[in-house]
*Asks:* 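Sharing a structure here in structure tokens format.
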Amino acid sequence: MNRVRFAPSPTGYLHIGSARTALFNYLFARSTKGKFLVRVEDTDKDRSTEESTRSILDGLKWLGFEPDEEIIFQSGNAGQHRAAALRLLEEGKAYRDFTPKGDVSDSDVKARIAERAREQGAEKDLRDNPYRDLDRSESDRRADAGEPFAVRLRVSEEGNTAFEDSVYGLQERDHSEIEDLVLLRSDGHPLYNLAVVCDDLEMGITHVIRGQDHLTNTHKQILIYKALGEEPPQFAHLPLILAPGGKKLSKRHHGEIVSLTTYRDKGFVAGAFRNFLALLGWSPKSEQEIMDLAALVDTFSLEGINRSNAVFNFDANNPRRWTDDKALWMNAEYIRTMPLDKLIPLVREELRGEKLWREEYDDEEKGWFEAVITVIRERYFTLKDFSEQGRAFFSEDFDHDPAAVKKHLAKKPELEQWLPEFADRLESLEDFSHDPIYEAANKFCEDKEIKLGVLLNGARVVVTGQAVGPSMITAFELLGRDRSVMRLRSKIAWNE
RNA sequence: GGCGCAUUCGUCUAGUGGUUAGGACGCAAGGUUCUCAACCUUGAAACAGGGGUUCAAUUCCCCUAUGCGCUACCA
């Protein structure tokens with residue numbers, strides 16, 4: 001049985017790239033009847049926080065990915081990692097490095113790597129560590145004397161490692177390109193590459209599906225598997241998600257757009273965002289694009305994964321395009337087509353958050369509420385729209401859009417008289433339903449010799465505060481006689 | 001610097017040794033309409049560049065360019 005894991009490090013929010021990695025792991029597990037596991041890689045104790053862990057787990061839950069087994073915390077396995085390193089030391093597959101630990105300031109490591117590499121040029125020798133061939137008894141003696149040491153894997157100078165990546169195909173790397181990597185820090189803490197290998201072994205992971213940024217390091221991990229006398233799992237690396245222009249998508253440069261929680265907070269339907277994410281770097285090879293979780297599980301396979309990085313397209317300077325157009329479109333598509341009983345709970349949450357929810361909507365006004373949602377959801381893009389654009393349906397306390405006032409009221413000052421007059425006609429209607437309201441509106445416009453649009457557009461601004469919205473006849477019907485009449489007579493919009 | 005990976009419309013992508021290079025989002029035009037969406041019709045829009053191989057290359061090979069990744073006693 002296949003076993004895969006999603007292994008986030010809790011050093012911040014859940015990045016959308018990580019969310020997609022989790023998605024692909026989940027889909028792979030479900031589509032092959034395997035297990036989806038979660039392992040929190042909290043070994044960097046300086047940067048890991050509980051808050052981050054919680055936020056990541058919340059994000060996974062929101063997307064619908066519950067782990068099949070208990071969540072593993074990597075920090076709890078440090079003892080085993082250390083034991084593995086010591087075993088390799090014992091077997092001579094690793095050695096003690098007594099070089100004093102240098103100061104590593106995190107910020108400029110990349111620059112220093114490049115700098116050092118430039119100096120070495122092509123002449124570099126990754127096996128020039130003076131302790132690599134230190135006499136064993138001498139090494140033991142110094143260790144016993146309490147001298148601190150790091151443990152490094154003894155990588156052979158000849159040959160290469162190779163593996164078949166499910167996405168990128170055959171990967172080979174000469175050992176001469178791989179340094180004797182550190183397994184254990186001089187303070188006794190295991191390092192990432194060792195920890196992942198040990199944990200994946202321990203958890204019985206059969207397929208490692210992760211970001212392409214790990215592709216080159218996979219060779220190091222394979223070396224560790226070999227040294228431990230174990231078979232490496234199957235690897236599948238995923239293309240990355242980039243920012244417009246092909247740049248790295250980072251919190252520092254792109255802010256909250258990279259955080260999954262942003263999408264939840266800005267009114268995304270989880271299924272819609274999940275659907276969008278699935279299409280970034282993976283293709284079902286069909287023209288079907290709208291897919292719920294079951295459909296994704298049905299069609300998912302590693303073969304459909306792309307090799308080139310995908311650009312997450314958005315415009316930081318344009319509020320209307322704060323995130324990818326297609327994501328927004330897909331969210332709208334979900335909002336207007338998803339089953340009402342799936343949508344209602346989401347709208348309820350949104351209205352509750354904005355203090356617009358009334359318990360009656362779940363009870364004696366359920367029918368009315370559903371009718372309203374059915375009508376207004378047609379033109380909404382996010383769940384936020386229900387409380388913002390749709391506010392007038394749930395509250396008397398709503399604003400009048402200045403642009404709408406200008407466009408439909410200011411240009412027709414006569415409406416200030418006409419709208420209350422029209423209110424009188426509505427008030428006297430025997431049957432306050434669609435057709436009679438429509439007839440009344442037409443009759444009124446005939447009397448005043450104006451186009452229907454003039455009346456209804458003006459009414460929309462006064463009654464809903466908006467220039468756009470559902471058919472005004474339907475809106476009157478939904479709001480009911482009293483509220484319609486009252487708002488038509490109101491001078492608020494005229495005085496603002 | 002070294003090593004690795006990638007490159008089809010603006011973006012996400014399909015695809016093939018011979019195709020009118022397909023779809024989606026977005027964009028534009030038209031229809032519909034009380035507004036705006038939705039919907040329908042139509043349109044503009046791509047094989048990074050250069051060499052090969054081949055009867056034929058977007059597809060196979062090489063080089064260049066560009067981008068990304070890794071190169072840490074970070075994960």
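Quick caveat: nothing in here was measured; it's all calculated off a predicted structure. Per chain, numbering begins at 1; letters A, B, ... match sequence-line order.
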*Asks:* Categorize A:Glu179 for me: base, sugar-phosphate, or nothing, with a 4.0 angstrom heavy-atom threshold over every strand shown.
*Replies:* sugar-phosphate
*Asks:* By nearest atom, which of the nucleotides B:C5, B:G2, B:C25 is closest to the A:Leu215 side chain?
*Replies:* B:C5
*Asks:* Taking any heavy-atom pair under 4.0 Å as a contact, classify A:Arg321: base, sugar-phosphate, or nothing.
*Replies:* nothing
*Asks:* Quick one: on RNA chain B, does A:Tyr168 or A:Val182 contact a more 5' nucleotide (nearest heavy atom)?
*Replies:* A:Tyr168
*Asks:* How many angstroms lie between CG in A:Asn217 and CZ in A:Arg210, if you round to the nearest 0.5 Å?
*Replies:* 8.0 Å
*Asks:* Hey, what are the protein-to-nucleotides 11-13 of chain B N/O distances that come in under 3.5 Å?
*Replies:*
from, atom 1, to, atom 2, distance (Å)
B:U11, O4', A:Asn313, ND2, 3.2
B:U11, O2', A:Val311, O, 3.4
B:C12, OP1, A:Val311, N, 2.6
B:C12, O2', A:Leu279, O, 2.7
B:U13, OP1, A:Gly281, N, 2.2

*Asks:* Name the closest nucleotide to the A:Arg185 side chain, picking from B:A37, B:C74, B:C3.
*Replies:* B:C74
*Asks:* Is it true that A:Asp187 and A:Arg185 make a salt bridge, defined as a side-chain N closer than 4.0 Å to a carboxylate O?
*Replies:* yes
*Asks:* Given B:C34, is OP1 or OP2 found less than 4.0 Å from the side-chain N or O atoms of A:Ser471?
*Replies:* no
*Asks:* Determine whether more than 12 heavy atoms belonging to other residues, nucleotides or ligands lie under 6.0 Å from atom CD of A:Glu164.
*Replies:* yes
*Asks:* Ion pair present between A:Glu414 and A:Lys448, side-chain N to carboxylate O less than 4.0 angstrom?
*Replies:* no
*Asks:* Go through B:A75, B:A38, B:G22 for me and flag the one nearest to the A:Glu287 side chain.
*Replies:* B:G22
*Asks:* For B:A65, give the paired nucleotide (Watson-Crick: N1-N3 plus N6-O4 or O6-N4; G-U: N1-O2 and O6-N3; both under 3.5 Å), or none.
*Replies:* B:U7
*Asks:* B:C73 phosphate, OP1 or OP2: any side-chain N/O from A:Arg152 under 4.0 angstrom?
*Replies:* yes
*Asks:* Please measure how far the P atom in B:A29 lies from the corresponding atom in B:A38, and state the result in whole Å.
*Replies:* 15 Å
*Asks:* Closer than 4.0 Å, any side-chain N/O of A:Lys285 to the OP1 or OP2 of B:G15?
*Replies:* yes
*Asks:* Inspect the contact between A:Glu333 and A:Arg336 and indicate whether a charged nitrogen and a carboxylate oxygen are less than 4.0 angstrom apart.
*Replies:* yes
*Asks:* Taking NZ, NE, NH1 and NH2 as the nitrogens, is one of them in A:Lys248 or A:Asp213 under 4.0 Å from a carboxylate oxygen of the other?
*Replies:* no
*Asks:* With a 4.0 Å cut-off on heavy atoms, is A:Thr11 in touch with a base, just the backbone sugar-phosphate, or nothing at all?
*Replies:* nothing
*Asks:* Any idea which of B:G15, B:A75, B:C73 is nearest the A:Ala150 side chain?
*Replies:* B:C73
*Asks:* Distance check, C1' atoms only: B:G49 and B:G30, in whole angstrom units.
*Replies:* 40 Å
*Asks:* From C-beta outward on A:Glu41, which listed nucleotide comes closest to its side chain: B:C3, B:A75, B:C34?
*Replies:* B:A75
*Asks:* Looking only at side-chain atoms of A:Tyr192, point me to the closest of B:A75, B:A72, B:G69.
*Replies:* B:A75
*Asks:* Please report the distance separating the P of B:G26 from the corresponding atom of B:A37, rounded so that it comes out in whole Å.
*Replies:* 11 Å
*Asks:* For A:Tyr263 and A:Trp322: C-alpha separation, side-chain torsions, deciding distance, then whether ring pair (Phe, Tyr, Trp, His ring centres under 6.0 Å) applies.
*Replies:* CA-CA 11 Å; A:Tyr263 295 85; A:Trp322 65 273; 5.4 Å; yes
*Asks:* Is A:Arg307 side chain donor-acceptor paired with the B:C5 base, going by distance under 3.5 Å alone?
*Replies:* no
*Asks:* Using 4.0 Å as the upper bound for N to carboxylate O, is an ion pair formed by A:Asp180 and A:Arg127?
*Replies:* yes
*Asks:* Would you mind telling me which of B:G69, B:C36, B:U71 lies closest to the side-chain atoms of A:Thr216?
*Replies:* B:G69
*Asks:* Indicate the ring-plane relationship of A:Phe422 and A:Phe444, choosing parallel, tilted or perpendicular according to the 30° and 60° boundaries.
*Replies:* tilted
*Asks:* In whole angstrom, give me the gap between the C1' atoms of B:U59 and B:U54.
*Replies:* 13 Å
*Asks:* Hey, does A:Asn217 reach any base, or is it just sugar-phosphate, or nothing, if we go heavy atoms under 4.0 Å?
*Replies:* base
*Asks:* Across all strands, who's sitting opposite B:U32 as a Watson-Crick or G-U wobble pair, both distances under 3.5 Å?
*Replies:* none
*Asks:* For the aromatic rings, using the six-membered ring if either is Trp, is the centroid distance between A:Phe300 and A:Phe24 under 6.0 Å?
*Replies:* yes
*Asks:* In whole Å, measure the gap between the C1' atoms of B:U58 and B:U8 for me.
*Replies:* 7 Å
*Asks:* For the pair made of CZ in A:Arg379 and P in B:U33, what is the distance, rounded to whole Å?
*Replies:* 15 Å
*Asks:* For B:A44, which nucleotide is its Watson-Crick or G-U wobble mate, given both distances must be under 3.5 Å?
*Replies:* none
*Asks:* Please work out if A:His214 contacts a base, only the sugar-phosphate, or nothing of the nucleic acid, heavy-atom cut-off 4.0 Å.
*Replies:* base
*Asks:* What is the base-pairing partner of B:U59, counting Watson-Crick and G-U wobble geometry with both distances under 3.5 Å?
*Replies:* none
*Asks:* Taking B:C12 as the reference, what is the distance to B:C68 when you measure between their P atoms (whole Å, please)?
*Replies:* 14 Å
*Asks:* What is the pairing partner of B:G1, taking Watson-Crick or G-U wobble pairs with both distances under 3.5 Å in any strand?
*Replies:* B:U71
*Asks:* According to the Watson-Crick and G-U wobble definitions, with both distances under 3.5 Å, which nucleotide is paired to B:A38?
*Replies:* none
*Asks:* What protein N or O atoms touch nucleotides 41-48 of chain B N or O atoms at under 3.5 angstrom, if any, and at what distances?
*Replies:*
none

*Asks:* On a whole-Å scale, what distance lies between the C1' atoms belonging to B:A75 and B:U16?
*Replies:* 42 Å
*Asks:* Closest approach to the side chain of A:Lys247, judged atom by atom: which nucleotide of B:C34, B:C68, B:A24 is it?
*Replies:* B:C68
*Asks:* Please work out if A:Gly246 contacts a base, only the sugar-phosphate, or nothing of the nucleic acid, heavy-atom cut-off 4.0 Å.
*Replies:* sugar-phosphate
*Asks:* Check whether any side-chain heavy atom of A:Asp200 sits under 4.5 Å from a side-chain heavy atom of A:Arg39, and report yes or no.
*Replies:* yes
*Asks:* Show every side-chain hydrogen bond (donor to acceptor under 3.5 Å, both in side chains) that has at least one partner inside residues 371-382 of chain A, sequence neighbours left out.
*Replies:* none
*Asks:* Taking the P atom of each, how far is B:G17 from B:A57, in whole Å?
*Replies:* 15 Å
*Asks:* Judged by atom type as modelled, is there a donor-acceptor pair below 3.5 Å linking the side chain of A:Arg20 to the main-chain atoms of A:Leu280?
*Replies:* yes
*Asks:* Please tell me if A:Lys248 has a side-chain N or O lying less than 4.0 Å from either OP1 or OP2 of B:C68.
*Replies:* no
*Asks:* With a 3.5 Å limit on both atom pairs, tell me what B:U19 is paired to, counting Watson-Crick and G-U wobble, or say none.
*Replies:* none
